Amino acid sequence: GFVAADTHVHTLTFSGHGDSSVEERQITLAGEGVEFAVATDHNHHTDYRPTQRALGLSAHYTAVTGNEVTTEVGHFNAFPFEPTGPRAEYRGDDWTKLVAGIRERGAQVVILNHPRWPDVATGPFGRYRLDAATGRLFGQTFCADATELVNSTQLLDDPLLLFRDWFALLNAGVRVFAVGSSDSHTVDEPVGQGRTYVRSTSDDPATIDVDATCTALREGRTSIALGLFTTIRVNDSASSGDLLRRSSGATITAQVRVASAHWFTPRELVLFRNGEAVARRPLETTAGRPFDATTTLTLDWPEHDAWLVAVALGSGSGGPWWPMQQDYSLGATNPV
């Protein structure tokens, strides 16, 4: 029911830095099980499909032409584009105008990348002083569809710092969803280490419906992963991106599934309501065995509108086959 997407991928061939040629990039995408692969070279429309066909890899993933619109006031991944179509304007300092120009070129999804890069203070959320109490940005209006909470080549020491930023925006009524990506520029930075799982009616990676996947990304019918796969279902009816209306009964029941390969150790599940941790549960694992368990959490109905997000936290991979910048793994849902 999900496909694995990496919405932030580079090549030396067209971005001009890193070391992964466009040919090497196709092999890494196939090898890491990325099924929806968005090419996002800097201010360039890259079409992987000719190289993908030449290497006999078309059965492994759906390739999408995107662009990391690289501006002085933030980087925005946008897709899909026609490979030969006009590129979006990247000069300017007004997010509203920049994003509008990107959408005019045909992009269905716009993502604000690594909002605390190059560091916490000077990345977009630091530069425009995102206020944790009000969700206000000073000098900009948030107008993208999503923002990266996991970027596996730009991991922060605190795995929840970007979540607190996101929670502030959600509490301010901003409709913004979470994505995970790799931002890989090199062969040894694993593509898909940070990834987004997107609800899909097709399990054939070669025939993924691009329009439907873009809609699911815009509507938050996704979960993000850095090694841990996490989903939520509330009152047996609502999942990530869904609206649950109050009915009879005094409680809400949330079922949260966390799964991982055996080389990770999930440690804890946290359920957030409007940014507050309202439930915590330890996750019991067996060393050397994959993990897949569903935890049931019961809450009182809130007295007012609310949102729920589940976050799972764990150890890093502990092995050279998936080198990680930080010694943690995580998975998270988008809001119900």
Side-chain angles (χ1 to χ4, degrees), residues 1-7 33-36 145-150 152 159-160 162-163 166-167 170 176-181 192-203 205 208-209 212-244 251-262 264-274 277-285 289-299 306-314 328-336:
F2 289 85
V3 295
D6 192 341
T7 57
V34 174
E35 298 163 310
F36 187 84
D145 302 301
T147 189
E148 289 180 341
L149 296 195
V150 166
S152 55
L160 293 181
L162 290 174
F163 282 82
W166 182 44
F167 294 165
L170 292 175
V176 51
F177 295 108
V179 296
S181 74
Q193 185 169 80
R195 65 178 66 189
T196 305
Y197 286 103
V198 187
R199 287 201 173 275
S200 174
T201 57
S202 172
D203 280 332
I208 296 169
D209 186 321
T213 302
C214 289
T215 298
L217 283 160
R218 288 197 312 273
E219 294 181 350
R221 302 187 192 284
T222 53
S223 65
I224 65 173
L226 182 70
L228 307 184
F229 174 69
T230 309
T231 62
I232 189 170
R233 190 161 181 83
V234 182
N235 283 9
D236 292 323
S237 62
S239 300
S240 291
D242 290 342
L243 175 66
L244 180 66
T251 59
I252 294 172
T253 299
Q255 294 179 306
V256 182
R257 178 189 176 197
V258 180
S260 74
H262 75 270
F264 290 102
T265 305
R267 302 287 191 192
E268 183 182 35
L269 174 64
V270 186
L271 187 65
F272 290 92
R273 182 173 64 198
N274 293 358
V278 292
R280 293 180 180 272
R281 296 290 187 276
L283 298 173
E284 303 295 333
T285 61
R289 299 192 64 180
F291 181 83
D292 191 346
T294 298
T295 302
T296 300
L297 303 166
T298 302
L299 304 172
W307 53 262
L308 296 175
V309 164
V311 180
L313 297 165
Y328 62 78
S329 55
L330 66 83
T333 72
N334 267 296
V336 173

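Counting from 1, the numbers follow the sequence of the chain as shown. Here the structure is a predicted model, which means the values were calculated and not measured.
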- Query: Could you give the distance from CZ (Phe167) to CG (Asn274), rounded to the nearest 0.5 Å?
  - Reply: 10.0 Å
- Here the gap from Ser260 atom OG to Leu226 atom CG, rounded to the nearest 0.5 Å, amounts to 11.5 Å
- Query: Can you name the closest pair of heavy atoms from Val336 and Ala238 and give their distance?
  - Reply: CG1-CB, 3.8 Å
- Indicate the atoms forming the closest heavy-atom contact of Ala310 with Ile232, along with that distance. CB-CD1, 4.3 Å
- Looking only at atom types and distance, does a side-chain atom of Asn334 sit under 3.5 Å from a main-chain N or O of Ala178, one as donor and one as acceptor? yes
- Can you sort out the partners of Thr213 under side chain to side chain contact (heavy atoms under 4.5 Å, CB included), two or more places apart, ordered by chain and number? Phe36, Val198, Ile208, Leu217
- Task: Mind listing the closest non-hydrogen atom pair of Gly194 and Val150 along with its distance?
- Result: CA-CG1, 3.7 Å
- Do you know the tightest heavy-atom contact between Val311 and Leu160? CG1-CD2, 4.1 Å
- Among Thr333, Asp292, Thr295, Thr294, which residue meets the side chain to side chain donor-acceptor pair (under 3.5 Å) test with Arg257? Asp292
- Taking side chain as C-beta onward, heavy atoms only, is His262 less than 4.5 Å from Pro290? yes
- Taking atom CD of Gln255 and atom OG of Ser239, what is their separation to the nearest 0.5 Å? 10.0 Å
- Item | Nearest-0.5 Å distance that lies between atom OG in Ser152 and atom CG in Asp6 | 7.0 Å
- Which atom names give the shortest non-hydrogen contact between Val234 and Ile252, and what distance separates them? CG1-CG2, 3.2 Å
- Value rounded to 0.5 Å, distance of CG in Leu244 from CG in Leu308: 8.5 Å
- Item | From Arg195 atom CZ to Ser223 atom OG, the distance as rounded to the nearest 0.5 Å | 11.0 Å
- Could you tell me whether the side chain of Thr196 and the main chain of Gly180 form a donor-acceptor pair under 3.5 Å? yes
- Item | Set of salt bridge (charged side-chain N to carboxylate O under 4.0 Å, His left out) partners for Arg199, sequence neighbours left out | none
Only pairs under 3.5 Å count here: list side-chain donor-acceptor contacts from residues 264-273, not counting sequence neighbours, and write none if there are none.
| residue | atom | partner | partner atom | Å |
| --- | --- | --- | --- | --- |
| Glu268 | OE2 | Arg280 | NH1 | 3.3 |
| Arg273 | NH1 | Asp300 | O | 3.2 |

- Item | Flag side-chain contact, heavy atom, 4.5 Å: Leu313 against Tyr328 | no
